[in-house]
Q: 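The structure under discussion is supplied below as structure tokens; questions concerning it will follow.
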Amino acid sequence: MFTLYKKELNYYLNNPIGYIVIVLFAAFANFLFVKDLFVIGSASLQGFFGFIPWLFLVFIPAVSMRTFSEEKRLNTIEVLLTLPISETQVVLAKFFAILTLAIIGLVLTLGLPISLAFTAHVYLPEIFVGYLGAILLGGAMAGISIFFSSLTKNQVVAFLSSVLVIFFLLILSTDFLASFLPGVVQDFINNYGPLYHLQNFVKGVLDFRSLFYFLSLTAVFLFLTIVNLEKRD
Amino acid sequence: MIVLSSVTKFFGKKLALNKVNLKTKTGEIVGFLGPNGAGKTTTMRIILSYLEPSFGQISVKGSIGYLPENNPLYPEMRVAEYLKFIADIKGVDDFLETVQAVGLQEVIASKIEDLSRGFKQRVGLAAALLGNPDILILDEPTSGLDPLEQDKIKILIKKLAKKKTIIFSTHILSEVEAVANRLIILNKGSIVYDGVKPKARGGVEKLFKKLVK
């Protein structure tokens, strides 16, 4: 499994497109934070973690779209699945490669809390838990995107379907949706949105319900991907 | 050794293989011949456990190396990198011996996308050969190659056959005549001929035309 993980990661790290996507993500994340830093006038990363999901909405499907679509288009999936490696190992190797890229993207934003720490008092555990939430969110989005990549040979279709589904999940806990739906319904579906659960992490609260939410969302989509790979007819 | 007993395969309602029986021995070069959709690739994929049969039983003793149809490869990888990747997954320490066996030394550092079709085919064959498998399954191994490259692959297959069971599929009748020592003709999912290849020149073609209308 580690061999495939290394191959997947090397594909992005030996490829200009991989660097461009990661650097663009980091540049946007840093810029959007710094842009509002002096307007807010507070040494907090809550604003930063607020727009990370929207950057991930494009970044994660962009790096995940080829995971299985390309294997299916080239039919290398047949080579891979006739080697002594299970479907579960293949899916996990690809998932961890995408998660590593998301973590690299987030590491490139660490300059923000470090520079804040020099100028103001920051509460480090809150920032650490915030980053943990962002990683878990990235993992869940990677799970969804990998699943859609396993459904089609077309990378664009995989990208667009992932963006659409993740966008739908993200707006579940927004005021935008609340304005269209009755209050009772909104309260109910609010709990199923990743933004609602990310909020706990952003506040520095390590809520196990939210942890469970992200891990189970990831596991469900990875499981569906494995089932889809096993169904070869 | 491979044993297929009454293997039947449906894709939805479509019958792809109908009660296929097959038993192979070491040293055999089995040529699968048949028109498109006859069931050659499906049979191979079932032997590989890539597909499950709908009915029937399979028993495979020994490791398998596989070269799929159209030889899918990762174009962005270098030859050495690709073979090391396959070798690592197969748990093989050294891939250089295989590189030499298929004559890839001169392109070992090249990117797969920059190789000629013939060299790409050798890369696929080398990947299948890694780990010295007991059984080699080659789905149209000479497809798309020029006659010179086809000859080189045929010679290689013959050389490899001594200690292995080789199953290969093809549309090229002369290829079966030149390489196989056992002929299986598939038509519409059924084996319509299983035996030694006709010795007379053009005998395979006559037999094929007679059985596959």
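Residue numbers start from 1 in every chain, and the chains themselves are labelled A, B, ... in the order their sequence lines are given, proteins ahead of strands.
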Q: Is there a donor in the side chain of B/Tyr74 and an acceptor in the side chain of A/Glu71, or the other way round, less than 3.5 Å apart?
A: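 Yes, because at least one side-chain N or O of B/Tyr74 sits under 3.5 Å from a partner of the opposite role on A/Glu71.
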
Q: Taking CG in B/Asp93 as the centre, count heavy atoms belonging to other residues, nucleotides or ligands within less than 6.0 Å. Is the count above 12?
A: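 Not buried by this count: 12 neighbours or fewer within 6.0 Å.
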
Q: With heavy-atom distances below 4.5 Å as the criterion, would you say the side chains of A/Glu78 and B/Tyr66 are in contact?
A: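 A/Glu78 vs B/Tyr66: side chains touch.
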
Q: Rounded to the nearest 0.5 Å, what's the gap from CG on A/Asn10 to CD on B/Glu81? Could you check?
A: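 So the gap between those two atoms works out to 6.5 Å.
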
Q: Please lay out, stage by stage, how A/Leu83 and B/Ile86 fare under the test side chain to side chain contact (heavy atoms under 4.5 Å, CB included).
A: CA-CA 8 Å; A/Leu83 289 171; B/Ile86 302 286; 3.7 Å; yes

Q: How long is the gap from CG on A/Leu81 to CG on B/Leu51, to the nearest 0.5 Å?
A: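 Going from the CG atom of A/Leu81 to the CG atom of B/Leu51 covers 11.0 Å.
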
Q: More than 12 non-hydrogen atoms from neighbouring residues, nucleotides or ligands closer than 6.0 Å to CZ on A/Phe51, yes or no?
A: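 Result for CZ/A/Phe51: enclosed.
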
Q: By a 4.5 Å heavy-atom criterion (distance strictly below it), what part of B/Thr42 contacts chain A: side chain, backbone, both, or neither?
A: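 Neither part.
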
Q: Using a 6.0 Å cut-off, check whether atom CG of A/Leu160 has over 12 heavy atoms from anything other than its own residue.
A: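 Correct, the count exceeds 12.
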
Q: Drop me the distance from A/Thr3's OG1 to B/Lys84's NZ, to the nearest 0.5 angstrom.
A: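 Rounded to the nearest 0.5 Å, the OG1-NZ separation comes out at 7.0 Å.
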
Q: Can you tell me if CD on B/Glu97 sees more than 12 non-hydrogen neighbours from other groups inside 6.0 Å?
A: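 No, the 6.0 Å shell around CD holds no more than 12 heavy atoms from other groups.
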
Q: Run the side chain to side chain contact (heavy atoms under 4.5 Å, CB included) check on B/Met77 and A/Lys7 step by step: do they pass?
A: CA-CA 9 Å; B/Met77 291 179 100; A/Lys7 178 202 156 282; 3.7 Å; yes

Q: Kindly compute the distance separating CE (B/Met44) from OG1 (A/Thr82), expressed to the nearest 0.5 Å.
A: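 With rounding to 0.5 Å, CE (B/Met44) is 12.5 Å from OG1 (A/Thr82).
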
Q: Please report the closest heavy-atom contact between B/Leu73 and A/Leu74, naming both atoms and the distance.
A: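 Heavy atoms of B/Leu73 and A/Leu74 come nearest at O-CD1, 4.1 Å.
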
Q: Rounded to the nearest 0.5 Å, how far apart are OH of B/Tyr50 and CD1 of A/Ile77?
A: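 Nearest 0.5 Å value for the OH-CD1 distance: 6.5 Å.
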
Q: Considering non-hydrogen atoms only, spot the tightest contact between B/Lys90 and A/Pro84 and give its length.
A: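 In this case the closest contact between B/Lys90 and A/Pro84 is CA-CG, 3.9 Å.
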
Q: Does any backbone or side-chain atom of A/Phe2 lie under 4.5 Å from a heavy atom of chain B? Answer side chain, backbone, both or neither.
A: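 When you check distances to chain B, no heavy atom of A/Phe2 falls under 4.5 Å.
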
Q: Quick check: are there more than 12 heavy atoms from other residues, nucleotides or ligands sitting under 6.0 Å from NZ of B/Lys188?
A: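 Open: at most 12 neighbouring heavy atoms sit under 6.0 Å from NZ of B/Lys188.
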
Q: Measuring heavy-atom distances to chain B, does A/Leu4 have an atom under 4.5 Å in its side chain, in its backbone, in both, or in neither?
A: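 Both parts, backbone and side chain.
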
Q: Might you confirm whether atom NZ of A/Lys72 has over 12 heavy atoms from other residues, nucleotides or ligands at distances under 6.0 Å?
A: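 Enclosed.
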
Q: Quick one: CG on B/Asp88 to CD1 on A/Ile85, what's the gap to the nearest 0.5 Å?
A: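 Output value for this atom pair is 11.0 Å.
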
